[in-house]
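When a residue number appears, it is its place in the shown sequence, counting from 1.
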Amino acid sequence: MITPQSVYDWVLRCIGNNTCSVCDLHKPCIGHPCACVQHTPVIDFDEVERLWHISRKQPSTASADALVCHHNLCFVEIKGWIKFLENLHLTGERQFTDREEERLKGRILKQVGHYDFQKKLLSSIEVCEDITGTPDLLSALPVAFILVTDVNPETSPLEVFSMQLSMLAHTSTDWKKVCTEAMSQRLASQITSIHTYFVYCKGFDHLIKSL
């Protein structure tokens, strides 16, 4: 009988039984760990996808960043914003004109617009189906998608928000909220058939234990 754990174990063997953490997969954290290092073992799924397609002489495809199992088979995507905001000089207390705020909000929305969570999820599921020889894993197993970010969402990600992005962007010191709002809406619009979670990176271990 196919289970989330059996799929996870099968995929793990493809990568030499090596695991890591979400911190290891977030490039800005490499060599600069914070005080809240996460310890949940995950599979580097980008590496799984790369090795799998190389072995079949096929081109690489988009994939989730990590795979973890805790009752559900969870595909994990990591999106960092701190460096992005720093590059736009949006981490201080500087005030912006309405025109500047609209332009900067547009930069954030454009960045989020590049995120194709659904494509990465479906491609990753296909790799797992190929590895295990099991068709239609979505029907056979409980599957979840976890979006991890280095800015705190602070509120439930998929609730109907009472404030629109334009209202949020008007507050020049609330750019992290603008980012998480945009990602939440992007996630909610793309993946509707399975459970999705949006979590601050420092709360990843806690989320996995709660699933």
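Side-chain contact between L85 and C179 is present, with heavy atoms from C-beta onward closer than 4.5 Å. The shortest side-chain heavy-atom distance between N17 and R13 falls under the 4.5 Å cut-off. Side-chain contact check for I146 versus L211: some heavy-atom pair is nearer than 4.5 Å. Proximity of F204 to Y197: side-chain heavy atoms (C-beta onward) are nowhere separated by under 4.5 Å. You'll find the side chain of L88 reaches within 4.5 Å of the side chain of R107, heavy atoms only. In this structure, L67 and Y8 have side chains that are in contact, with non-hydrogen atoms separated by less than 4.5 Å. Inter-residue side-chain proximity for I208 and V68 is flagged as met; some heavy-atom pair is nearer than 4.5 Å. At a threshold of 4.5 Å between non-hydrogen side-chain atoms, the residues F145 and I194 count as touching.
Put simply, CG on L12 and CG on D44 are 11.5 Å apart, with the number rounded to the nearest 0.5 Å. Rounding to the nearest 0.5 angstrom, the gap separating the CD1 atom in I131 from the SG atom in C14 is 4.0 Å. Here the CE-OG1 distance, from M183 to T149, works out to 3.5 Å after rounding to the nearest 0.5 Å. Atoms CH2 and CD, on W175 and E101 in that order, are 5.0 Å from each other to the nearest 0.5 Å. With rounding to the nearest 0.5 angstrom, the CD1 atom of I82 is 4.5 Å from the CG atom of D150. To the nearest 0.5 angstrom, R186 atom CZ is 12.0 Å from L147 atom CG.
With salt bridges taken as basic N to acidic carboxylate O contacts below 4.0 Å, none links R99 and E102.
No donor-acceptor pair under 3.5 Å is formed between the side chain of Q111 and the backbone N or O of I108. Between the side chain of N87 and the backbone N or O of K83, at least one donor-acceptor pair lies under 3.5 Å. With hydrogens and angles ignored, the 3.5 Å screen pairs a side-chain donor or acceptor of D205 with a backbone N or O of T40. Put simply, the side chain of T180 gets close to the backbone of K176: a donor and an acceptor are under 3.5 Å apart. In this structure, the side chain of S123 does not engage the main chain of K119 through any donor-acceptor pair within 3.5 Å. Counting only distance, with no hydrogens or angles, the side chain of R50 and the backbone of S60 share no donor-acceptor pair below 3.5 Å.
Counting only residues at least two apart or in different chains, side chain to side chain donor-acceptor pair (under 3.5 Å) contacts with residues 125-139 comprise T132-T134, D136-S139. Within the structure, side chain to side chain donor-acceptor pair (under 3.5 Å) contacts touching residues 62-80 (residues at least two apart or in different chains) are D46-S63, E77-K79, E77-K120.
Residues V76 and A64 come closest through the heavy atom pair O-CB, 3.6 Å. Closest approach of S21 to Q38, counting heavy atoms only: CB-O, 3.3 Å. Here the closest heavy-atom approach between residue L187 and residue F198 is recorded as CD2-CB, 4.4 Å.
Using bins of under 30°, 30° to 60° and over 60° for the plane-to-plane angle, the ring pair W81/F84 lands in the perpendicular bin.
Using a 4.5 Å cut-off between side-chain heavy atoms of Ile, Leu, Val, Met, Phe, Trp and Tyr, with links allowed through other members, L138 and F45 fall into the same hydrophobic cluster. Using a 4.5 Å cut-off between side-chain heavy atoms of Ile, Leu, Val, Met, Phe, Trp and Tyr, with links allowed through other members, I2 and I43 fall into the same hydrophobic cluster. Criterion: ILVMFWY side-chain heavy atoms under 4.5 Å apart, direct or through other members. Under it, Y200 and V22 are not part of a common hydrophobic cluster.
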Practice problem: Go through the steps for C128 and V11 under the test side chain to side chain contact (heavy atoms under 4.5 Å, CB included), then give the verdict. | Solution: CA-CA 7 Å; C128 289; V11 173; 4.0 Å; yes
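Scanning for side-chain hydrogen bond (donor to acceptor under 3.5 Å, both in side chains) contacts around R103 gives an empty result, with sequence neighbours left out. Listed by chain and number, the residues in a side-chain hydrogen bond (donor to acceptor under 3.5 Å, both in side chains) with Q118 amount to none (sequence neighbours excluded). By the side chain to side chain contact (heavy atoms under 4.5 Å, CB included) test, H53 is found to be paired with E49, Q58, T61, V127, residues two or more places apart in sequence or in another chain being considered. Under the rule for a side-chain hydrogen bond (donor to acceptor under 3.5 Å, both in side chains), T19 has no partner lying at least two apart in sequence or in another chain.
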